[in-house]
Amino acid sequence: MRTHICGELRKNHEGSNVVLCGWVNKRRDHGKLIFVDLRDFSGVIQVVFDANLSQASYNSAKDLRTEYIIEIRGEVKVRPDETINNDLLTGEVEISTQEIRILSASKTPPFMLDDRAKVDEMTKLKYRYVDLRTEEMQSNMRLRHEVTTVTRQYLNSQGFIEAETPILAKSTPEGARDFLVPSRLNPGAFYALPQSPQLFKQILMFSGFDRIYQIARCFRDEDLRADRQPEFTQIDLEMTFVKVEDVVNLVEGLIYKVFKEVTGEEIKIPFVRMTWKESQETYGSDKPDLRFDMKLKDVTEISRDSKFNIFINVLNKKGCIKSIVIDDYNEFTRKDLDDLVDMAKKYGAGGLIWIKVEENQVLNSPISKFLSPGERENLIKFLKLKEKNLVLIVADEFIKTCTTLGAIRSYLGSRLNLIGEEEFKFTWIVDFPLFEWDEKEKRLSPTHHPFTRPSDETLKYLKSDPLKLNSLAYDIVLNGNELGGGSIRINNSELQKGIFKLLGFDTKRMEENFGFLLRALEYGAPPHGGIALGLDRLIMLIGRLESIREVIAFPKTQSAVDIMTESPSPVTEQQLNEVNIRLAKFKKETEE
RNA sequence: GGAGCUGUCGUCUAGCGGUUUAGGACACGUGCCUGUCACGCACGAGGUCGCGGGUUCGAAUCCCGUCAGCUCCGCCA
């Protein structure tokens, strides 16, 4: 249909007769002369309709409106010097139009494409086809394509093959809530959409495919966040005969390549690496934002002799006391401090203590009267306190103290503008505990997943003290975001059974849920490991965007609704019958 | 399951108990305009202030409920 695309035309096309197709970005009517900015995926070019040149096309141009789709035939002309538009890549030329055809009319769009940033999220999602025309979304989608392209190129070059695995998969316990799909041919039975292709990847390793990857769509029926959608995409890969080091190196190579090719930036590799324990101790998080410092300082030891009840209780329970120091307490009103205390409670800690360092090293705090002179001196010396400093202290059990202060640290990071927005700070977190204690369910739960191999050094605690087991798992963290995680997997049936047992599976349930895996492990399973990277998050971070909705063509709202298609939606009685489902009366209906 | 923020012409917003007949900007419609590119000028149309209830002489404005969007906690092997 067309001979050129809008964005490509330059001075050297002068005199060419071209046919262009695109959207009317803007029409400027000057009476006998009409300018139209014609837009396609490649850019914008000015098209001129001159009544003296072609009365017919000029007349048609009168009817043009924003977002009409047209085809024009005309000649590329170099613009007179004084009318060159330097804001436009095609600004040195314009098309003198001889013929025009309206290919598709358009209603007035629900919002103007050039002020997308201000438009309400709901409006944009309802008219996503309009939103996707904006420069921002066009560029986000292109960015996404570039990242996946480089990923494929890189992994292909490293001996990987791309393999697909079922979307209609088996529901497995553990982990996120499954999306279920009823089976018509097997009444009463359900498939589950995969939370990740994890077990299929592993079994492909058992099958002798040395390295496989997949740009994998994953489904988890959990609540949404700015960086969490019910369906999302992972760069999911698995390799045989590897150690942690091998996977880490490979991923560093991949990330390096992606940044180099996509943004031109040379990311520093290898990435910083720290253990899970270290990360909790110093940043109060398993996904620390290393773009700013503000480390957590442990004051448990110097508080040993404290007379302060809360401290005494925590110390008796083998908890810990940690602090962060802020330069200037004048940044915080009394209300701000109260809010910080509330925040600490929200994150599960008993509370938060603040101490202001006033003139002559006088410590002003709600707990001043409980602090002995010795304690004060210790704090000042140990935390190297200076006048105007503000100390925040949390005392509770280890993990609560860490995560609470960690959350406050990351809040302060943005609140006090400590974050260098331009930076990309990667880190690996390693040596995760294999299990966590689930207080609600009163049982062990896997920190990573139940197929993760315990480290050789801690394997001896398997029977005696499973909470002491460390895993061969690793997370990759970028600017405080969990970008991905992986592990070396168990390749031994007995060990796998042992882990399931610790997780509370009896033989029967083990067989029902994971029989296929245990059997597969008995027919020769090589050592293997892999990782999954959150593709949407990676692209969001590269694009410096606030939400993964910005890098997904058709995302869902926080209540998991696609506003454009109005999905999910009810289905007919017949459809339900065919899959042997009868709806229970749900709350909303019964209340009416 | 919970907390917070938001909801006013198509869009972005002003108004936060009484000269409000709800104002503006952009968009939109009509007309004029031969060098604009955030075109300009003139005129015009467009809103049951998310929805329901209450308080009040009087509610966009205050209160309660509800719905929706967003952010967060829980949840996310």
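Side chains included, hydrogens not; waters and symmetry mates left out as well; all remaining heavy atoms used.
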Taking 4.0 angstrom as the limit, do [X] and [Y] come out as a salt bridge?
X: A:D37; Y: A:R39; result: no
X: A:R128; Y: A:D131; result: yes
X: A:D289; Y: A:R291; result: yes
X: A:R228; Y: A:E482; result: no

Is the phosphate of [N] approached by [X] (side-chain N or O, under 4.0 Å from OP1 or OP2)?
X: A:T557; N: B:G69; value: yes
X: A:R28; N: B:U36; value: no
X: A:S559; N: B:G69; value: yes
X: A:K26; N: B:A27; value: yes
X: A:T66; N: B:C28; value: yes
X: A:K440; N: B:C75; value: yes

Counting distance alone, no hydrogens or angles: does the base of [N] have a donor or acceptor under 3.5 Å from a partner atom on the side chain of [X]?
X: A:R228; N: B:C75; value: yes
X: A:D223; N: B:G74; value: yes
X: A:D29; N: B:C39; value: no
X: A:R225; N: B:G74; value: yes
X: A:R27; N: B:U36; value: no
X: A:E94; N: B:G35; value: yes

Identified pairing partner of [N], criterion: Watson-Crick or G-U wobble below 3.5 Å:
N: B:U20; result: none
N: B:C43; result: B:G29
N: B:C62; result: B:G54

What does A:M122 touch in the nucleic acid at a heavy-atom separation under 4.0 angstrom: a base, only the sugar-phosphate, or nothing? sugar-phosphate
Would you find more than 12 non-hydrogen atoms of other residues, nucleotides or ligands less than 6.0 Å from A:R334 atom CZ? no
According to side-chain hydrogen bond (donor to acceptor under 3.5 Å, both in side chains), who are the partners of A:T333, at least two apart in sequence or on a separate chain? A:D336
Could I get the full list of side-chain hydrogen bond (donor to acceptor under 3.5 Å, both in side chains) partners for A:S410, not counting sequence neighbours? none
Which residues, if any, of residues 167-177 of chain A bring a heavy atom under 4.0 Å of RNA chain B? A:E174, A:G175, A:A176
